[in-house]
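The structure is given below, and queries will be raised subsequently.
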Amino acid sequence: MSRTLPPMRTLLPAEHGSWFMLGFPLVLGLLVRPSWAGLGLGLAALAFFLARPPLRRVLTGQRDSLQVRALLLFGCLAAAFGGLALWLSGPRFLIPLAFATPLVFLALRADLQRAVRSLAVELAAQGAFAGLAAAILAAGGSSLPEAGRAWLLTALVGGANLAHVRRLLGHAHHLAPEELNRRKVPVHVLHLLLIGVSALLLAPRGTQGLVWTGWTGLLYLRALAPYRPIPARTLGWREGGLSVLGLLLLWRALL
């Protein structure tokens, strides 16, 4: 029996972290400012995200008809949902997307070249995904400063989490002490930035902002805890649960 598309397992990006990068800002944006335009924009982002594996294969020479067909399908879906969002809300959400575009191209270039995923590249990808929250808020009627605040906080949350997980993986892979010490630096910098920005932008807004700021302090204490080896599955569930709780707290703080 002939196939219309490649097997589903080859279409879904394998990196669990990239799903978090997409899901956190997408859900946050729709919670803070729900709208049909925002939903359309989220679906466009999901289609664009799913287009990445076939795009990488096509551009690296695997130009069989199934991969091309999958790329065209997801590309058309992204364009259709993006056009729907534009029709429903107007062009204002294009402003945060324009600022995110250089970060998108930087992350895509590294992905297509199969470059080593350095922290700088992963932070660029995190910043690009975080721009989705700002775009969804703008599509739903939020002011650009409000959208920018959500972008900044989402990028810092994701960046701090990335630095923390990279440090844990460094210990798990028994990297040299010098490399482990280098990986500690962004853990401190990004968590302190997150705490400072939260205290400045959200804590003065009331109880929910204070709760969120306190949560960022707890995240920093978690990152400072001595390394203890735990199964990868347990680590994934633990970090996933903390991310869901953080998402709900940030949602309430941004309202």
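Computed over heavy atoms, backbone and side chain alike; hydrogens, waters and symmetry mates excluded.
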query: Just by distance, do the side chain of H191 and the backbone of V187 share a donor-acceptor pair under 3.5 Å?
result: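 Pair found, side chain donor or acceptor close to backbone of V187.
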
query: Are any side-chain N or O atoms of R183 and backbone N or O atoms of R166, one a donor and one an acceptor, separated by less than 3.5 Å?
result: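 Answer holds: yes.
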
message: Taking L86 as the starting point, is it possible to reach L132 by hopping between hydrophobic residues whose side chains are less than 4.5 Å apart?
response: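 Linked, L132 and L86 end up in one cluster.
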
Nearest-0.5 Å distance, CZ of residue R92 to OG of residue S143: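 It is 7.0 Å, given to the nearest 0.5 Å.
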
task: Could you state whether L194 and L250 fall into the same hydrophobic cluster, counting links through intermediate Ile, Leu, Val, Met, Phe, Trp or Tyr residues with side-chain heavy atoms under 4.5 angstrom apart?
output: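 Yes, one cluster joins them.
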
query: Taking side chain as C-beta onward, heavy atoms only, is F81 less than 4.5 Å from L39?
result: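 Counting from C-beta outward, F81 and L39 never come under 4.5 Å.
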
Going by atom type alone, with no hydrogens or angles, which donor-acceptor pairs under 3.5 Å involve a side-chain atom of residues 215-229 and a protein atom two or more places apart or on another chain?
unit_1, atom_1, unit_2, atom_2, d
T216, OG1, T213, O, 2.5
Y220, OH, H188, ND1, 2.8
R222, NH1, E239, OE1, 2.7

Minimum heavy-atom distance A44-A78, with the two atoms named: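 Result for this residue pair: CB-O, 3.5 Å.
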
- request: Side-chain contact test, heavy atoms from C-beta onward, threshold under 4.5 Å: evaluate it for L152 versus L201 and give yes or no.
  value: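 Side-chain contact under 4.5 Å: yes.
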
field: Heavy-atom side-chain proximity of Q208 to L255 below 4.5 angstrom
entry: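 Of all side-chain heavy-atom pairs linking L255 with Q208, none is under 4.5 Å.
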
- request: Would you name the heavy atoms of S89 and A139 that are closest together and state the gap between them?
  value: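 Minimum heavy-atom separation between S89 and A139: CB-O, 3.3 Å.
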
message: Measuring only between side-chain heavy atoms, which start at C-beta, is L202 closer than 4.5 Å to L254?
response: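 In short, these two side chains touch, coming nearer than 4.5 Å.
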
- request: Under the side chain to side chain contact (heavy atoms under 4.5 Å, CB included) rule, what do V197 and L153 come out as? Steps first, then yes or no, please.
  value: CA-CA 8 Å; V197 169; L153 286 161; 3.8 Å; yes

Exercise answer: donor-acceptor pairs, residues 24-37 side-chain atoms, under 3.5 Å, sequence neighbours excluded:
unit_1, atom_1, unit_2, atom_2, d
R33, NE, S142, OG, 2.9
R33, NH2, S142, OG, 3.3
S35, OG, G38, N, 2.8

- prompt: Which distance, rounded to the nearest 0.5 Å, do you find between the CG of L73 and the CZ of R69?
  reply: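 Those atoms lie 10.5 Å apart.
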
- prompt: Under 3.5 Å, side chain of N161 to main-chain N/O of V157, donor-acceptor pair present?
  reply: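 The answer is no, because no donor-acceptor pair under 3.5 Å joins these two groups.
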
message: Distance check, rounded to the nearest 0.5 Å: F48 atom CZ versus L22 atom CG?
response: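 Reported to 0.5 Å precision, the distance equals 11.0 Å.
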
- prompt: Would you say L190 and W151 are hydrophobically clustered, going by side-chain heavy atoms of ILVMFWY under 4.5 Å?
  reply: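 No, no single cluster joins them.
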
task: Without swapping roles, check the side chain of W212 against the backbone of W251 for a donor-acceptor pair under 3.5 Å.
output: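 A pair under 3.5 Å: no.
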
message: Do L123 and F129 land in one hydrophobic cluster if side-chain heavy atoms of ILVMFWY residues count as linked below 4.5 Å?
response: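 Hydrophobic grouping puts L123 with F129.
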
message: How close do L103 and A124 get, counting heavy atoms only, and between which atoms?
response: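 Looking at all heavy atoms of both residues, the closest pair is CB-O, 3.6 Å.
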
- prompt: How long is the gap from CZ on F20 to CG on L162, to the nearest 0.5 Å?
  reply: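 If we round to the nearest 0.5 Å, F20:CZ and L162:CG are 7.5 Å apart.
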
- prompt: Do you reckon V68 sits in the same ILVMFWY cluster as L55, going by side-chain contacts under 4.5 Å, direct or chained?
  reply: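 Linked within one cluster.
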
- request: Would you name the heavy atoms of L144 and A138 that are closest together and state the gap between them?
  value: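 Taking L144 first and A138 second, the nearest heavy atoms are CD2-CB, 4.5 Å.
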
message: Once rounded to the nearest 0.5 Å, what's the spacing between atom CG of N181 and atom CG of L175?
response: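 One gets 11.5 Å once the value is rounded to the nearest 0.5 Å.
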
task: Write down the atom of G170, the atom of L180, and the distance for their closest heavy-atom approach.
output: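 Answer, listing the atom of G170 first, then L180: C-CD2, 3.4 Å.
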
- request: Determine the minimum heavy-atom distance between P96 and G131, stating which atoms define it.
  value: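 Heavy atoms of P96 and G131 come nearest at CB-O, 4.4 Å.
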
